[in-house]
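Take a look at the structure set out below.
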Amino acid sequence: KKIPFLIGTNTEEAANLANEHPYQTAPALMRFVYKDRSVQLATDAWFGMPAYQAYFQHGQHAPVYGYILAELCAASEPSSGTGVTHGEDLNCLFYRENRTGGEAMVKSWTNFAKYHDPSPSWHPVSGWRFAKGGRIGIFGDLEKEGKRLENIVQRIELWNKLGNEVMKP
């Protein structure tokens, strides 16, 4: 049976976990690409690429849906002073405070549980787009958060070219 799969990440997933270790132990090419952005490097290494690999592999056999949360769901400041960090997506369930990105994500989770599709044609959710292998949802103000999402396709391609062994958490 083809079981649908929903997986997502937050824009600054590793911000409340990261330190300089991932950046210092990265190969020279990755240090050059990420410059002084150790949080982005750790986010991609520990969360983004594993999520992408699961998305791509599962999508070869069954429907797959991926998302990126780019908006805080609660009015409080993020724990690290950056974007949406690991675990902060849970605030969308309990403290949405009329944030459109959080509302769309919760509606997507609910639709997925009910219909096995986060944005079915009869109950669509804004933010979903067709992508290679499935659909991708981006929740949040993209113009405001664009700097955190920049070059995501290029970063994924680089990680794929360098292989899975480039960085280990």
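Values reported hereafter were calculated over all heavy atoms of this structure, with side chains retained and with hydrogens, waters and symmetry mates removed.
Here the straight-line distance linking atom CG of L6 with atom OH of Y67 works out to 6.0 Å at 0.5 Å rounding. I7 CD1 to F56 CZ: the interatomic distance, rounded to the nearest 0.5 Å, is 14.5 Å. Going from atom OG1 of T11 over to atom CZ of F47 covers 12.0 Å, rounded to the nearest 0.5 Å. Rounding to the nearest 0.5 Å places CD of Q60 at 11.5 Å from OH of Y55. Once rounded to the nearest 0.5 Å, the distance linking CD of E88 with CG of L90 reads 9.5 Å. Here OH of Y115 is found 9.5 Å from OG1 of T110. Values are rounded to the nearest 0.5 Å.
The two residues A51 and T9 come nearest to each other via the heavy atoms CB-CG2, 3.7 Å. The two residues A15 and T85 make their nearest non-hydrogen contact at CB-CG2, 3.4 Å. Taking each heavy atom of K2 and P63 in turn, the nearest pair found is CB-CD, 4.4 Å. Nearest heavy-atom pair, D117 versus S119, reported as atom, atom and distance to 0.1 Å: OD1-N, 2.9 Å.
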Report the C-alpha distance between E12 and V84 in whole Å, list the side-chain angles of each, state the deciding distance to 0.1 Å, and finish with yes or no for side-chain contact (heavy atoms from CB on, under 4.5 Å).
CA-CA 5 Å; E12 302 287 323; V84 184; 5.9 Å; no
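Below 30°, between 30° and 60°, or above 60°: for F112 and H116 the angle between ring planes is between 30° and 60°, a tilted geometry. Ring-plane geometry between F5 and H58 is classed as tilted, the angle between the planes lying from 30 to 60 degrees on a 0 to 90 degree scale.
Between the side chain of T43 and the backbone N or O of A14 there is at least one donor-acceptor pair closer than 3.5 Å. E13 contributes a side-chain N or O that, together with a main-chain N or O of N10, makes up a donor-acceptor pair within less than 3.5 Å.
Looking only at side-chain heavy atoms (C-beta outward), V125 and P118 stay at 4.5 Å or farther from each other.
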